[in-house]
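Below, read A as the first sequence line, B as the second, and so on, with proteins coming before strands; counting in each chain starts at 1.
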2 protein chains.
Amino acid sequence: MVTIAQPGLAERLRAGQRQDERGNLFDADCPTRLILDRIGDKWTVLLVILLSEGPMRFTELRTHLGRVAPKVLTQSLRRMERDGLVTREVFAEVPPRVEYELTELGRDLLAPIDAVRLWAEEHAARIVANRERHDSGPA
Amino acid sequence: MVTIAQPGLAERLRAGQRQDERGNLFDADCPTRLILDRIGDKWTVLLVILLSEGPMRFTELRTHLGRVAPKVLTQSLRRMERDGLVTREVFAEVPPRVEYELTELGRDLLAPIDAVRLWAEEHAARIVANRERHDSGPA
DNA sequence: CGGCATCCGTTTTGATACTG
DNA sequence: CAGTATCAAAACGGATGCCG
C-alpha cells in the first residue's frame, strides 16, 4: 500500500527514528518543508504555471491573476526570485518594463505542480460532491 | 517549452479566453483551486503521507507531527473527512479510540504529493543555497 | 509602469485548560 | 484518549495612495 519513493517510512516511524539523509520531513526545520510552505503560498503555483509560457511583465501577471494587490504580487515574486525560481529583469525604458522569467529550476518545478494540478482537475468534481453530501448528510 | 498536459494555455491566455471545460484555474472560484487551497494547508500534506502507512490514531498523528494544537489537528482532519480523503472510525472502548484512515481518494492523492515531495527533497539544498547567496549578495 | 509604504481586516495557527 | 472551549498571537492577504 506504500506508493512510490517512500522507502521505509513505516520502519522509520515505528523506530521513532524518522531521520535520514534528507532530513526529517516531520521536523519543522526540514528544508523540504520550506518548499511545501512555498507551494502553500496563494499565488506561487499560479505564477509558475503562468510563467511557464514565457517571460511576462508585472502588470501582465497581475491581469491574469485577477484580484492581487501589487504588494502581495511583489512579495510572491521576490520570494521566488530569492529561491532562484524566477529572474527579474529591468529594462531601462520609459515607461519602465520589468520582465519575470522562470529559471531552469523554476521550469523544473512545473512538473510536480502539473501533477497536482492534473489530479485536482480530475477529482475536483468528486470532492465538491463529497462536501455537499457531508454538509447536508448528518442533518 | 510548454510541459505536460497544458494544451493551449498560451492560446487561451492570448485570447483572454481562459475558460475551458474544467473551469479557469485563474478564477478564484475554480474548483481546482479548492484542492490547491487544501494542499496549502499546513498539515494536510503531512497527514496524507503519514496515513499512507495505514490507519492511525489521533494521538499517534499528533506525536509524529510535533507541535500541533489538538484543535488545529482536528480541524485539518475534519476538512479532510469532509472532502472524502479520510474516514474517521470511533471504537466504543475505554479509553476511547479513534482511527483515521485514507480513503481511496486520499491514497490517490499520495501520487501527486509524492511528486512534489520528491522534487522538494531533490532541490531543497539548492534552494537553501540560493537564498543564502541572495541574502548576502546585494550587500 | 512597477513598485513601495502604510494601515487594516481576515484567516490561520497555537497555548492552555477542561471534559465525556 | 480524543477531543472541545477559550483566548491570544501572528501570518497572510488586501486596499489605498504616493513616487521614480
Side-chain angles (χ1 to χ4, degrees), chain A residues 26-30 33-47 50-51 55-83 86-101 131 134 138, chain B residues 26-30 33-47 50-51 55-83 86-101 131 134 138:
Chain A
F26 300 104
D27 179 348
D29 295 330
C30 173
R33 284 278 281 273
L34 298 179
I35 284 84
L36 251 39
D37 290 352
R38 197 56 73 263
I39 300 285
D41 185 271
K42 184 167 182 182
W43 302 110
T44 299
V45 169
L46 266 0
L47 284 171
L50 272 178
L51 288 171
M56 235 177 252
R57 305 179 59 166
F58 187 85
T59 305
E60 210 173 344
L61 291 167
R62 235 194 124 185
T63 305
H64 286 306
L65 291 180
R67 238 152 273 268
V68 211
K71 188 196 71 173
V72 176
L73 181 53
T74 301
Q75 283 175 348
S76 292
L77 287 167
R78 290 287 197 277
R79 276 193 292 253
M80 293 170 76
E81 193 190 0
R82 189 167 95 107
D83 288 352
V86 302
T87 55
R88 175 175 178 273
E89 188 174 6
V90 184
F91 296 86
E93 307 173 355
V94 270
R97 177 163 59 105
V98 178
E99 288 201 337
Y100 292 91
E101 184 173 11
R131 284 189 191 179
H134 183 95
Chain B
F26 300 103
D27 179 347
D29 295 331
C30 172
R33 285 278 280 274
L34 298 179
I35 283 87
L36 252 37
D37 290 352
R38 195 58 70 258
I39 300 283
D41 184 90
K42 184 167 183 181
W43 302 112
T44 300
V45 169
L46 267 358
L47 283 170
L50 272 177
L51 289 172
M56 233 176 256
R57 306 178 59 165
F58 188 84
T59 305
E60 209 172 344
L61 291 168
R62 232 193 127 186
T63 305
H64 286 306
L65 290 181
R67 238 154 271 269
V68 211
K71 188 194 69 174
V72 175
L73 182 54
T74 301
Q75 283 173 349
S76 291
L77 287 167
R78 291 285 198 277
R79 275 192 293 252
M80 292 170 75
E81 194 191 358
R82 188 167 93 108
D83 288 351
V86 301
T87 55
R88 175 174 178 271
E89 189 173 4
V90 184
F91 295 86
E93 306 172 358
V94 270
R97 179 163 58 104
V98 177
E99 288 200 339
Y100 292 90
E101 184 173 11
R131 284 189 192 180
H134 183 95

Determine, stepwise, if the pair A/Val68 / A/Lys42 fulfils side chain to side chain contact (heavy atoms under 4.5 Å, CB included).
-> CA-CA 10 Å; A/Val68 211; A/Lys42 184 167 182 182; over 6 Å; no
Scan B/Tyr100 against the nucleic acid and name what it touches under 4.0 Å (heavy atoms): base, sugar-phosphate only, or nothing.
-> sugar-phosphate
Could you state the atom-to-atom distance from CG of B/Leu65 to P of D/dA2 in whole Å?
-> 14 Å
When rounded to whole Å, the CD to C1' distance for the pair A/Glu99 and C/dC1 reads 13 Å
Atom-pair distance (CZ on B/Arg97; P on D/dA2), nearest Å | 9 Å
A/Arg38 meets the side-chain contact (heavy atoms from CB on, under 4.5 Å) criterion, sequence neighbours left out, with A/Thr44, A/Arg79, A/Asp83, B/Arg131
Run the side chain to side chain contact (heavy atoms under 4.5 Å, CB included) check on A/Glu60 and A/Glu99 step by step: do they pass?
-> CA-CA 10 Å; A/Glu60 210 173 344; A/Glu99 288 201 337; 6.0 Å; no
Exercise: identify the closest heavy-atom pair between B/Arg62 and B/Pro70 = NH2-CD, 3.5 Å
Which whole-number value in Å describes the distance from A/Glu60 CD to C/dC1 P?
-> 12 Å
A/Thr59 side chain near C/dC1 phosphate (N/O to OP1/OP2, under 4.0 Å) | no
Distance in angstrom units between A/Glu93 CD and C/dG2 P, rounded | 10 Å
Compare every heavy atom of B/Ile39 with every heavy atom of B/Val45, then report the nearest pair and how far apart it is.
-> CG2-O, 3.6 Å
Figure out the CG/C1' separation between B/Asp37 and C/dT11, and round it to whole Å.
-> 12 Å
Rounded distance in Å - CG (A/Leu61) to C1' (C/dC1) | 13 Å
Check whether any side-chain nitrogen or oxygen of B/Arg78 sits under 4.0 Å from OP1 or OP2 of D/dT4, and answer yes or no.
-> yes
Between B/Leu50 and B/Leu65, is a side chain to side chain contact (heavy atoms under 4.5 Å, CB included) present by the stated rule, with each step listed?
-> CA-CA 9 Å; B/Leu50 272 177; B/Leu65 290 181; 3.8 Å; yes
Rounded to whole Å, CG of B/Leu73 lies from P of D/dG3 at a distance of 8 Å
Given protein heavy atoms under 4.0 Å, the one-letter contact record of nucleotides 5-20 of chain D, with B base, S sugar-phosphate only and - none, is simply -BB-----BBB----B
